[in-house]
Structures are given as C-alpha cells and as structure tokens.
Amino acid sequence: MIGKRVLRLWHNRWGAEAYGAGLALMSFAATISIIASYDGKTFPEWPAHITINALIGIFTVLIKAGLGLLLSEDDFDDASRGALGSTLFLFKIWKWDAVNNIAKFAAFLTILVAVVDPFSQQIVGIAACTRESDALIASVGRTNSYLTTGGHTGPLDSEIDSPMAVAINTGLVGPPDYIPSLVSTTCTSGNCTFGRFSSVAVCHSCAEITPQIRNSGGATGPWNFTLAGNKSASFPDLDLVPSTYLNTSASLSPTHLLDVRILSLNATTYRSASAFQCQLFPCVRTYDALVSKGVLEERIISKVPMGFDAFGGVGRYVLAASNLTQQGERTLNCSARAANDTAGLVRVALPNVDAAPQEMHGSGSKAPSAWFPQECVWTFGSSPYLAIRPEIRGYLDGADIQEYDTTYIGTIVAKNLWRNETIDFNSVDWYMRNVSDVMTARIRNSSPNGIDDFAMGRTTLDTICVQVRWAWLSYPAALIACGFAFFLVLFVQTPREAAAMRSWKSSNLAILFCSLDEAIRERTELTWFRDEIDDVARTAFVQLAHDGAGKAKFSEDELVINQNESRSREDGFTASSW
Ligand SMILES: *[C@@H]1O[C@H](CO)[C@@H](O)[C@H](O)[C@H]1NC(C)=O
Ligand SMILES: *[C@@H]1O[C@H](CO)[C@@H](O)[C@H](O)[C@H]1NC(C)=O
Ligand SMILES: *[C@@H]1O[C@H](CO)[C@@H](O)[C@H](O)[C@H]1NC(C)=O
Ligand SMILES: *[C@@H]1O[C@H](CO)[C@@H](O)[C@H](O)[C@H]1NC(C)=O
Ligand SMILES: *[C@@H]1O[C@H](CO)[C@@H](O)[C@H](O)[C@H]1NC(C)=O
Ligand SMILES: *[C@@H]1O[C@H](CO)[C@@H](O)[C@H](O)[C@H]1NC(C)=O
Ligand SMILES: *[C@@H]1O[C@H](CO)[C@@H](O)[C@H](O)[C@H]1NC(C)=O
Ligand SMILES: *[C@@H]1O[C@H](CO)[C@@H](O)[C@H](O)[C@H]1NC(C)=O
C-alpha cells in the first residue's frame, strides 16, 4: 500500500527531484546539527568506534545521492528533450542556448558534487582544550580536628607527635622555599580547582614592644638593655647584656601554643635595641586553593582564633563559628541547633579566646554553650596542645647570640631568627608566619579520617576537542544552493503538461542507440529527439553481433518484422546470442 503510494508520488511530476532535494537538505541539516552539537566538545565515544567523520561521510553520501537525483540526466532529458517537442513555444523566449546552458550547468554541478568528499572530511578539525575529569580525584589536606599525639606519657601528658616535632624544627630552622608544597595534595593532571574550605590551623600574631625597653647601663655605653617582665603573662625580665645581640624568652602561656619575647641590639648603631612579642595559637583558616602546573596555590581568606571550651572532657580548643559554612563544594548550615535531638551535634562553649586556662581541667563550666553540627565544630585537642607547648618553647626560650672576637655564637634557631644580622618587625613577623605555616601543613595532613576529611576539587585535563571549521561547509552548502537554483529554473521553465507526462526514469534507449548499426540510423534519419527514438525502437528489431573490430554492436536483424506493433517499448530490442 505505502510502497505503491510512494511509487506514485515518485512518478508524480517532480517527485524524484523533490525527494532528492529533501534528502540533500535533510542530510545537510543532520551534518550541521551533529557538528554544531559537538563543536568545542571532546570527541564523542560512540559504539563500534564510529567516528564523527564517519558519520559526516555517510551524510555526505546522502547529500550526493540527493543532489544526484536533483541533477540527474532525467531532468536533462525532460528539460531539453522530452519536454522539448511538445513545448516549442517555450523556446521562443528561452532559446536553444538557454536549454543548453541549463544542461551544461547541471553537468558541471554533477562533477562538482562528485568531489565534495574531501571538503566534508575537512569540516571536523581538532583543537587542544581542557575538560573536567569525572574519574580523577583532586584533594587537598584539611581537617576539622587536630588530635594527634605521640601517645600518653601520664594522666594529662602526651608525647609530641614526631612529624609535628619535625615540622616545628623545620619552621624554626629551615622552612622550604614554598611552604604549601608541604600540604598533601592530589592532582594527577596538575591543574585542579577547589571550592573554598576551612581547616584547623596555627596562626601567629606579632607586635613591636620596643618602648618597653629600658637601658640600665650608661648613656654612652656600655649599654645594658632590659625588657621588663610581665608576671601575669609569666614573663621574667629579659636582659641584653653587653656583647649580646639577641635574647629571647618564651613563657608557658596558658592561652597560646607559644608566647615569645625577642630583644635585639640594633646592629647598625649598637646604641639602641628593639623588642617584639609574638604568639602562636590554634585557629581556623579559610582558604581558596587551586593547583596550577602541579603547584598548590593558596589564598588565605580568613583566620579566626579558636576559643577554649570546657565541655570536651579535659578541655580543648574549639571554634564553632557560624560564618565558616563553606566546605569545598558544600555549604553547611552551621547555626546552633536545638538541644532536644543531639545526634550528630557537638556541645561547645561559645567561643571565647581569653577563656581562663585554669578552667581547662575543670569539669562543668557555667560558660554559655550551644549545640552545633559536627562539621561546624573545629577542635584542637588538649593533648596535642599540651605536648606542643613545651617543645616549641624549648627552642625559643633564651635563644641568644653573643659576640666573641667578631664571631657570633648562638643556637641555630637564634641564628635563623637573627638572619642578616639584624631584626625588624617584618623579619620577626615572617619568621613566626613561617613557623605557623609549616605547623599548619602538618595539622592539615594529619586529619583523623585521612583523605575523607580532605577538601575535594575538580581535576582539569588537557585533551583534544572537535573544532568545526565552518568554512569548509560552504562548499557543500553552495552545491546544495546551486542544486536548488537549478531545480527552480527547471521548475519554472518546464510547462505543467511536460512535467506531468514525464516518467521517473527516462528510457535508456538513447544510450542503447549509441551502439546501433549505422544502417538503422540512416534509414530512420534520426535527429535524436526522444519521440523519434521511441518511434524507431517500436519498429526496429536488432541482434547483437560482432562488428568489424570484434566489438559487440546492434545490427539490423535480417528478418525484420516491422509489422509487430503490439510489442511494448521495453521489448523493442531482442537480444540474441553473441
Ligand atoms: C587549567 O584549567 C583551566 C580550566 O579549568 C584552563 O583555563 C587553564 O588553561 C589550565 N591551565 C593549564 C596550565 O593547563
Ligand atoms: C643590667 O641591668 C640589670 C638591671 O636592669 C642588672 O640586674 C644587671 O646586673 C645589669 N647587667 C650588667 C652586665 O650590667
Ligand atoms: C601583661 O600580660 C597581660 C596578659 O597577657 C596583658 O594583658 C598586659 O597588658 C601585659 N602587661 C604589659 C605591661 O605588657
Ligand atoms: C637573656 O635574658 C635572661 C633573663 O631574661 C638572662 O638571664 C640572660 O643572661 C640573658 N642572656 C644574655 C646573653 O644576655
Ligand atoms: C567570621 O566572623 C568573625 C567574627 O565573628 C570575623 O572576624 C571573620 O572575619 C568572619 N569570617 C568570614 C570568613 O567571614
Ligand atoms: C526540637 O524542638 C524544636 C523546637 O524547639 C522542634 O521544632 C523540633 O521538632 C524538635 N525536634 C524533635 C526531634 O523533637
Ligand atoms: C637601627 O638604628 C637605625 C638608626 O637609628 C635605624 O635607622 C634602624 O631602623 C634601626 N634598626 C632597627 C632594626 O630597629
Ligand atoms: C620564610 O620562609 C620563606 C620560604 O617559604 C623564606 O624565603 C623566608 O626567608 C622565611 N622568612 C623568615 C623570616 O624566616
């Protein structure tokens, strides 16, 4: 049923051309939609390793087939031959030349269509591009809690975690050129981005207290500089006796990991001294980070000191800050919760940096408290706190530099602090920052749950992408446009009757007549219009025979029977044996 209808439509007037045009146009549209949807994207992974170029190749064949129908000899016949006889009036306006030109144009287009393939294969080019990987993980060290120690040594004492001891040493003596290189980072491609994240860390602060220095020696020397102690901060007096260039004192501060005072002689004038006081303390740092060319680049967004909290057993540093809500890609709701359902919540005293240290070992405190989600609570355990303090104090208490015959004598920590043989606020501040950064790297790497606590990011890969070279599309586009122009001209120039009469496929008679015996041609005085060919074919009987050169040709049958008019056109030739 459908087949017949299609066949009828096919035979109908411009059926073939319309289908050809439709095929060419649809294939072209399909090509464009495919390349447009993949332009700038990675090459698609289709089943059976089909490539985008293979698909374009298929559509190019279809375009060629469509254009082929549009430009087929068929049209040529109908336009210039079949239609010609019955519609000579047409050529009163459109002379022979015009028809010839249309035909030539079609022939020319047909040749151009044949070479469309190389152009099609040029359409898809490749370009370097970057893409996010779903498979590769990107991580950077961070943690909500630092609880690591080297084990208990007494009811309230712990040995320092060895890597932390190394970190303290490294920070004091020889920090690496690029401290973020110490942070655990996974980024296989060397190009990763991370969302904003926070971590427990160590922060520092420094202040210049030079005005507090007194000189108890002579006004013209020898000088005897003294920095008055502070009992409430457990600092004794700090002296800088003659031929001493640097002296320090560190107190076992109750609220800080380190509290240090630095007194140094002005090495330019030897007549004055400067003094600084610095602290190291637990804090929560918030970072923006990325890995570029394999190097972790971090920007510190904020540093928030942690307060002392009495609820965690023996006490601990805790921060439950409601504005630290960004955890990588996740945004946390860190507001305090109602106390009726405490699953997953932690009870903490509200932050108070200056909380009295004596309460540390006390049990119930009357400090105001609230419940927070675990991820929003930052903990610096009391055990590592108690283990770190004496370790770091040991290096920075009484670290002095004395001169003996232009030789400077002192510990390596003191020498590193007194580098360039002078000290100013910037160098002290940088020194303490370096120590805190190295310690922070260690804390971030020793998260209780390993990489599960780390900040996850996105890995960017260098890959190749489809780059559509649209210019190469202009050739098939122009061909289709020309094909349509040709179709239009043909449509306008062909009278309705001629179009209606045409069959979808012209007879092959014209081609067969090429190898016809001269005798027949002479007899019929053929001028090679289709009507005449048809007439001759109806009455001619030929046989296939060898010509003089041994080639096959149709020659007039000796037993010509002209009378058999009832034979159909298709039976016009009787092929006998060679
Ligand atoms: C890293 O990835 C970004 C895209 O996320 C890209 O713009 C940049 O060029 C890449 N850098 C390198 C060095 O590959
Ligand atoms: C330096 O001064 C302090 C008092 O400020 C004094 O106790 C000390 O003996 C003096 N040292 C010297 C070497 O003069
Ligand atoms: C002594 O230390 C306490 C606590 O650290 C501080 O508040 C006070 O200002 C200090 N006194 C001087 C004179 O620096
Ligand atoms: C450093 O200061 C302490 C007291 O704070 C003092 O006992 C010691 O002698 C000083 N050292 C030097 C080399 O001045
Ligand atoms: C969070 O709030 C504290 C004060 O409560 C402020 O000092 C800090 O800068 C804030 N941090 C951010 C990241 O907004
Ligand atoms: C807890 O109390 C709040 C009101 O304070 C209420 O909205 C909530 O439903 C309660 N949750 C449970 C689990 O009882
Ligand atoms: C040392 O003294 C000189 C002259 O008074 C001064 O310019 C310089 O800033 C001082 N250096 C330090 C580190 O205070
Ligand atoms: C701090 O560390 C950097 C390397 O990260 C180093 O270049 C700089 O000299 C150090 N500063 C001090 C004062 O130690």
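Every heavy atom of this structure was used, including side-chain atoms; hydrogens, water molecules and symmetry mates were not. In listed order, ligands and their atoms are each counted from 1.
Using modelled atom types, one finds no donor on one side chain facing an acceptor on the other under 3.5 Å when comparing N449 with S447. Between the side chains of H204 and D437, not a single donor N or O lies within less than 3.5 Å of an accepting N or O. In this structure, a donor-acceptor pair under 3.5 Å is absent between the side chains of R442 and N445. No side-chain donor from either of S243 and E403 sits under 3.5 Å from a side-chain acceptor of the other.
For ligand 1, the polar-atom distance check finds an N/O of N191 within less than 3.5 Å of one of the ligand's N/O atoms. Of the N or O atoms in Q402, none lie within a sub-3.5 Å distance of an N or O in ligand 4. Note: no N/O pair closer than 3.5 Å links R261 and ligand 3 by distance alone.
Interface atoms of ligand 4 facing L238, defined by a heavy-atom separation under 4.0 Å, are 2 (O), 5 (O). Distances below 4.0 Å separate heavy atoms of A233 from the following atoms of ligand 3: 2 (O), 5 (O). The contact set between ligand 3 and S232, taken as ligand atoms under 4.0 Å from a residue heavy atom, comprises 1 (C), 2 (O), 3 (C), 4 (C). The ligand atoms of ligand 4 that sit less than 4.0 angstrom from a heavy atom of V241 are 14 (O).
By the criterion of a heavy-atom distance under 4.0 Å, the side chain of T244, and not its backbone, is placed next to ligand 4.
Nearest non-hydrogen protein atom to atom 5 (O) of ligand 1 is T460 OG1, 3.4 Å. Closest protein heavy atom to atom 14 (O) of ligand 3: N230 ND2, 3.5 Å.
Classified by interplanar angle (parallel below 30°, tilted 30° to 60°, perpendicular above 60°), the ring pair W418/Y408 is perpendicular. A parallel orientation is assigned to the rings of Y475 and F119, their planes being inclined by less than 30° (bins at 30° and 60°).
In this structure, R261 is positioned above the aromatic face of F235, its NZ or CZ under 6.0 Å from the six-membered ring centre and within 45° of the axis. The side-chain tip of R444 does not point at the ring of F197 from less than 6.0 angstrom away and within 45° of straight on.
Among R458, K293, R131, the residue whose heavy atom lies nearest to atom 13 (C) of ligand 1 is K293. Counting only non-hydrogen atoms, the option in L246, N247, D237, D239 that gets closest to atom 2 (O) of ligand 4 is N247.
For atom 11 (N) of ligand 4, the nearest protein heavy atom is under 4.0 Å away. The nearest protein heavy atom to atom 7 (O) of ligand 3 is not closer than 4.0 Å.
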From CA spacing to verdict: side-chain hydrogen bond (donor to acceptor under 3.5 Å, both in side chains), S205, Q279: CA-CA 5 Å; S205 75; Q279 286 97 34; 2.8 Å; yes

